[in-house]
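Remember, it's a predicted structure, so these values are computed and weren't measured experimentally. Each chain gets a letter, A, B and so on, in the order the sequences are listed, and its residues count up from 1.
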Amino acid sequence: MPELAEVDFYRRQWDEGLREKITQVQLHAEKRIFRGTNPRLLEAVRGQRLQSSESAGKQMLFRFSGEFWLGIHLGMTGKLSVGPRDYTPQKHDHLVLFQTKRALVFNDARQFGRVLIHQGKELPEWWSSLGTSVTSDAFTQKFMAEFLERHGRLAIKPALLLQKGFPGIGNWMADEILWRAELAPRRPAGKLKPAELKRLWKEVRFVAREALKKIGKDFGDPPLHWLIHERWKRDGVCPKHKIPLRKETIGGRTTAWCPRCQPS
DNA sequence: ACCCCTGTTCGGCG
DNA sequence: CCGCCGAACAGGGG
């Protein structure tokens, strides 16, 4: 499920446990979710305090005392939650960090997500090598255009899903952005005119900011007139024209768009 | 039973 | 070596 704003929402769930010690660690060490890392390292998090958390795109980073870093990616079905101190871990709770007053729970049924553990003074490499946040000052129209140029033959829809260039943008946000920018999803990324690039850049930032505001805080609903409310309906219509949306697989992902707003 | 899925990664191909 | 595509991953829900 989670894209930019949902990821940030889930990250905040564990904030309740900031500054408090981990008293016990339960995990499913053999699960795919720990691929590429050593789950045994996590045992040593017992006795350490959760110090801070942040998110970047679809990635989250939790910092613990003792120079421990925990990275989490939620994949398609991952979520973070808080349970009571006597919480009983469920089938897909692959990592549960107990504190005196609560349990910090990571659940992921499909295990497309990932947990990474790192110990050391420096930020882990997998964190520092992430792309430039789409809401930052560094994400300029020029910066975006140069990225699209490097993937010039790729359709704009799958280009928006490249996390190196658009960290946090996922399937629904990409469709929302293209609909608002009035760009057909199959347009080659490298062939947008200056005015189109400007609209795209504006809407990338608008949709990201607005989603963070509405969803990131309390998982509220996206604004009423947004495409997201129509895109998964069987008979979804353009919020603006009320005509049926087109739906096709583009770059392996279901894509919905309005043929009138977004002409080829 | 069958088909869908807000995500990444890897192998094959050009 | 680079970039793109489809399949695979694993499970739940309609």
State whether A:R253 places a side-chain N or O below 4.0 Å from either non-bridging phosphate oxygen (OP1 or OP2) of B:dG7. yes
Given B:dT8, B:dC5, B:dG7, identify the nucleotide with an atom nearest to the side chain of A:Q163. B:dT8
Kindly point out which of C:dC4, B:dC5, C:dC9 is positioned nearest to the side chain of A:H151? C:dC4
Between B:dT8 and A:H73, is there an OP1 or OP2 to side-chain N/O distance shorter than 4.0 Å? yes
How is A:L161 classified with respect to the nucleic acid when contacts are heavy atoms under 4.0 Å: base, sugar-phosphate, or nothing? nothing
Would you list the atom pairs, donor with acceptor, under 3.5 Å between side chains in residues 257-264 of chain A and any protein atom, with sequence neighbours excluded?
| from | atom 1 | to | atom 2 | distance (Å) |
| --- | --- | --- | --- | --- |
| A:Q262 | OE1 | A:C258 | N | 2.8 |
| A:Q262 | NE2 | A:L178 | O | 3.3 |
| A:Q262 | NE2 | A:L183 | O | 2.9 |

Of the nucleotides B:dT8, B:dG7, C:dG12, which one has an atom closest to the side chain of A:E3? B:dG7
When you measure from the side chain of A:L154, which nucleotide among C:dC5, B:dT8, B:dC5 comes out closest? C:dC5
Before accepting this row, confirm whether a basic side-chain N of the pair A:E248/A:K157 lies closer than 4.0 Å to the acidic partner's carboxylate O. no
Hey, is the side chain of A:H92 poking within less than 4.0 Å of OP1 or OP2 on C:dG12, counting only N and O atoms? yes
Flag side-chain contact, heavy atom, 4.5 Å: A:K31 against A:V115: no
Stem segments of DNA chain B by first residue number [Watson-Crick or G-U, under 3.5 Å, at least 3]: B:2-5 with C:11-14, B:7-14 with C:2-9
